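The first residue in the sequence is number 1, and the count goes up from there. For clarity, every value in this text was computed on a predicted model and none was experimentally measured. Scope of the values below: all heavy atoms of this structure, side chains included, with no hydrogens, waters or symmetry mates.
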Amino acid sequence: MSLRYRALIFDMDGTLFNTEPLHRRAWREVFGRFNITFSDEEIIRFNGSSPLDVARALIHSKECHLDPSEIAAQKKLAVERMFAEEKIGKLPAADLVRYYAGQCPIALDTGSGADTASVLLARFDFLACFNAIVSADDVAKHKPSPDTFLRCAKLINVAPAECVVFEDSALGIQAAANAGMDVIDVNGKTSDMLFQFIRRVNL
């Protein structure tokens, strides 16, 4: 692990905000219109994937004849409505974003689309915290491909090896490793634990 990083890269859903349950509800709402049901476990394994990739995988798993693009579009509307209306909690990594904004380059990577990310970030007044935002709309290959993270590094003009990523999903952790970046699994970690790590490597 590097002794010093020049930039921080954060995932959004499940890392900064407790929104994964809303994503699952949105998928179930949309597929429920076709009398198709999913358990949490069937959806969780796709955490970090783009909406279109999730739609394709879920449709394939049920061997149903639906248009993935249309399903993803309906899910987008459903989850954005929930983001605007439902109670959403911030997660410990969000404290790092607030603290280090303006002190070092910070990028956001997300498997959500740009519009969906903007709804959530604007609600919490986080848009100005990031020097770059890379969504599922900005890359052709999604997690576990490294493309999202490599684009973040390019936009903030920092070498991949000098970035550290904060992620919660298995696909995201693998994508960061594939990009040649160190990655912190935020699951189970408090704000104090994350701050201690940053201070230990002397950002």
Side-chain angles (χ1 to χ4, degrees), residues 10-94 108-124 126-127 133-149 151 165-176 178 183 185-188:
F10 293 87
D11 172 52
M12 185 178 74
D13 298 295
T15 296
L16 298 181
F17 308 105
N18 187 25
T19 45
E20 293 295 1
L22 295 182
H23 281 285
R24 294 194 292 273
R25 275 179 51 192
W27 284 118
R28 284 197 292 264
E29 177 182 307
V30 171
F31 278 100
R33 298 166 188 166
F34 304 94
N35 296 314
I36 299 170
T37 60
F38 289 96
S39 66
D40 279 354
E41 290 71 23
E42 288 177 293
I43 302 173
I44 286 173
R45 63 197 180 106
F46 300 113
N47 283 3
S49 299
S50 73
L52 185 57
D53 287 345
V54 177
R56 286 172 176 152
L58 293 177
I59 289 169
H60 178 75
S61 73
K62 296 296 184 179
E63 299 182 347
C64 52
H65 301 288
L66 297 173
D67 180 354
S69 295
E70 177 59 28
I71 293 296
Q74 290 186 38
K75 187 265 181 178
K76 173 182 181 293
L77 295 175
V79 81
E80 287 177 5
R81 184 191 73 243
M82 294 175 187
F83 280 2
E85 299 174 353
E86 300 284 343
K87 182 178 180 180
I88 297 173
K90 288 186 291 184
L91 296 173
L108 180 84
D109 79 272
T110 177
S112 292
D115 291 344
T116 303
S118 292
V119 170
L120 186 58
L121 294 172
R123 174 175 171 175
F124 287 93
F126 265 57
L127 281 167
I133 296 174
V134 179
S135 76
D137 300 333
D138 299 315
V139 293
K141 295 180 180 179
H142 303 100
K143 301 171 186 178
S145 164
D147 292 23
T148 302
F149 292 109
R151 182 166 176 80
V165 174
F166 296 82
E167 260 282 1
D168 71 299
S169 71
L171 290 177
I173 290 169
Q174 184 60 55
N178 290 341
V183 57
D185 181 349
V186 300
N187 289 293

Would you list the atom pairs, donor with acceptor, under 3.5 Å between side chains in residues 62-69 and any protein atom, with sequence neighbours excluded?
residue: Lys62; atom: NZ; partner: Thr37; partner atom: O; Å: 3.2
residue: Lys62; atom: NZ; partner: Glu42; partner atom: OE2; Å: 3.4
residue: Asp67; atom: OD1; partner: Ser69; partner atom: N; Å: 3.0

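Annotation: the span from His23 atom NE2 to Asn47 atom CG amounts to 8.5 Å, rounded to 0.5 Å. Note: Ile71 CD1 to Arg56 CZ = 13.0 Å, rounded to the nearest 0.5 Å. Summarising the geometry, atom CZ belonging to Phe34 is positioned 8.5 Å from atom CD1 belonging to Ile59; distances are rounded to the nearest 0.5 Å.
Under the 3.5 Å distance criterion, the side-chain polar atoms of Asp147 are left unmatched by any main-chain donor or acceptor of Val139. In terms of modelled atom types and a separation under 3.5 Å, the side chain of His142 and the main chain of Ala136 share a donor-acceptor contact.
Residues passing the ring pair (Phe, Tyr, Trp, His ring centres under 6.0 Å) test with Phe126 are Phe17, sequence neighbours excluded. The ring pair (Phe, Tyr, Trp, His ring centres under 6.0 Å) check on Phe166 picks up Phe10, with sequence neighbours excluded. Considering only residues two or more places apart in sequence or on other chains, Arg81 meets the side-chain hydrogen bond (donor to acceptor under 3.5 Å, both in side chains) condition with Glu29. Not counting sequence neighbours, Thr148 has no partner by the side-chain hydrogen bond (donor to acceptor under 3.5 Å, both in side chains) test.
A side-chain donor-acceptor contact under 3.5 Å links Asp13 and Ser112. Side-chain atoms of Thr15 and Asp11 form a donor-acceptor pair, as typed in the model, at a separation below 3.5 Å.
Legend: side chain to side chain donor-acceptor pair (under 3.5 Å) pairs involving residues 82-92, not counting sequence neighbours, sorted by first then second residue: Arg25-Glu86.
Between Arg151 and Asp138, no side-chain nitrogen of the basic residue sits less than 4.0 Å from a carboxylate oxygen of the acidic one, so the salt-bridge criterion is not met. Taking the charged nitrogens against the carboxylate oxygens, Asp40 and Arg28 do have a contact shorter than 4.0 Å, which makes a salt bridge.
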